[in-house]
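The structure appears right after this line, and notes come after that.
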Amino acid sequence: MSDCLFCKIAAGEIPSNKVYEDELVYAFYDIDPQAPTHFLVIPKAHIGSCGEISPENSAVVAHAFEVIAQVTKDLGVTDFRVVSNCGEQAGQSVHHLHFHVLAGRDMTWPPG
Ligand code: AMP
Ligand code: ZN
């Protein structure tokens, strides 16, 4: 999607602090971290949010979670939270599917 911030980050058109990349997903540190470790995992192909996951595009979601498991291991992180906000009321500000991975502090439940 030409006017999508995260499509541009995945394509390298906007700089980011990369954690991991392969042909399907891109992971990078959040610009406004909410925990000592806070990175985002996104599909390279544009999906607007969790609400747009379908049988046709869901394989990348499984892959994203495999990447989360591997990258957290590589970073030495054992306890972490994965969050995906879907829709503005849920706090979604960038309309390209992304999984927040947060670690390094106590997490409250339910989240605020
Ligand atoms: P959400 O509010 O769930 O849509 O999450 C979007 C996240 O993207 C926020 O945590 C922002 O801090 C983060 N963000 C926005 N712009 C950038 C950027 N250029 N590089 C890295 N993270 C960003
Ligand atoms: Zn996009």
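Whatever order the structure lists ligands and atoms in, that order sets their numbers, starting from 1. In this chain, numbering begins with 1 at the start of the sequence shown.
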Provide the closest heavy-atom pair for Ala35 versus Met107 in the form atom of the first, atom of the second, distance.
-> CB-CE, 4.5 Å

I'd like to know if [X] contacts ligand 1, where contact means a heavy-atom distance under 4.0 Å to any ligand atom.
{"X": "His98", "answer": "yes"}
{"X": "His100", "answer": "yes"}
{"X": "Ile14", "answer": "no"}
{"X": "Gly91", "answer": "yes"}

Taking [atom] as the reference point, the nearest protein heavy atom with its distance:
{"atom": "atom 4 (O) of ligand 1", "result": "Ser93 N, 2.7 Å"}
{"atom": "atom 19 (N) of ligand 1", "result": "Ile9 CD1, 3.7 Å"}
{"atom": "atom 16 (N) of ligand 1", "result": "Leu5 CD2, 3.5 Å"}

Counting only N and O atoms by type, is there a donor-acceptor contact under 3.5 Å from the side chain of Asp30 to the main-chain atoms of Leu102?
-> no

Hey, which of Val77, Val101, Val25 is the one that makes side chain to side chain contact (heavy atoms under 4.5 Å, CB included) with Ile68?
-> Val101

Report the part of [X] in contact with ligand 1, treating N, CA, C, O as backbone and CB onward as side chain, heavy atoms under 4.0 Å; options are side chain, backbone, both, neither.
{"X": "Asn85", "result": "side chain"}
{"X": "Val83", "result": "neither"}
{"X": "Tyr29", "result": "backbone"}
{"X": "Phe6", "result": "side chain"}

Drop me the distance from [X]'s [atom1] to [Y]'s [atom2], to the nearest 0.5 angstrom.
{"X": "Ile31", "Y": "His38", "atom1": "CD1", "atom2": "NE2", "result": "11.5 Å"}
{"X": "Lys18", "Y": "Ile9", "atom1": "NZ", "atom2": "CD1", "result": "13.0 Å"}
{"X": "Ile53", "Y": "Ser84", "atom1": "CD1", "atom2": "OG", "result": "7.0 Å"}
{"X": "Ser16", "Y": "Lys8", "atom1": "OG", "atom2": "NZ", "result": "14.0 Å"}
{"X": "His46", "Y": "Cys4", "atom1": "NE2", "atom2": "SG", "result": "5.0 Å"}

Could you tell me whether Phe28 and Phe6 have their ring centroids closer than 6.0 angstrom?
-> yes

State yes or no: are the ring centers of His100 and His98 separated by less than 6.0 Å?
-> yes

Provide the number and element of each atom of ligand 1 under 4.0 Å from a heavy atom of Asp32.
-> 12 (O)

Show which atoms of ligand 1 fall inside a sub-4.0 Å distance from at least one heavy-atom site of Leu40.
-> 8 (O)

Audit row: Tyr20, Val67, side-chain contact (heavy atoms from CB on, under 4.5 Å) steps and yes/no | CA-CA 8 Å; Tyr20 174 88; Val67 166; 3.5 Å; yes

Heavy-atom distance to atom 22 (N) of ligand 1: which of Ile31, Ile42, Asn17 wins?
-> Ile31

Winner among Val94, Leu97, Asp30 once heavy atoms are compared against atom 7 (C) of ligand 1 | Asp30

Considering distance alone, does some N or O of Gln92 sit under 3.5 Å from an N or O of ligand 1?
-> no

Trace of the side-chain contact (heavy atoms from CB on, under 4.5 Å) decision for Val60 with Leu97 = CA-CA 11 Å; Val60 73; Leu97 176 64; 5.6 Å; no

Enumerate the protein N/O/S atoms at a distance below 2.8 Å from the Zn ion (ligand 2), ignoring waters.
-> Cys4 SG, Cys7 SG, His46 ND1, His96 ND1

Derivation and outcome, side-chain contact (heavy atoms from CB on, under 4.5 Å), residues Val41 and Phe65 = CA-CA 9 Å; Val41 181; Phe65 275 81; over 6 Å; no

When you look at Arg105 and Arg81, which way does the side-chain contact (heavy atoms from CB on, under 4.5 Å) test go after all the steps?
-> CA-CA 10 Å; Arg105 65 164 168 82; Arg81 175 172 287 174; 5.8 Å; no

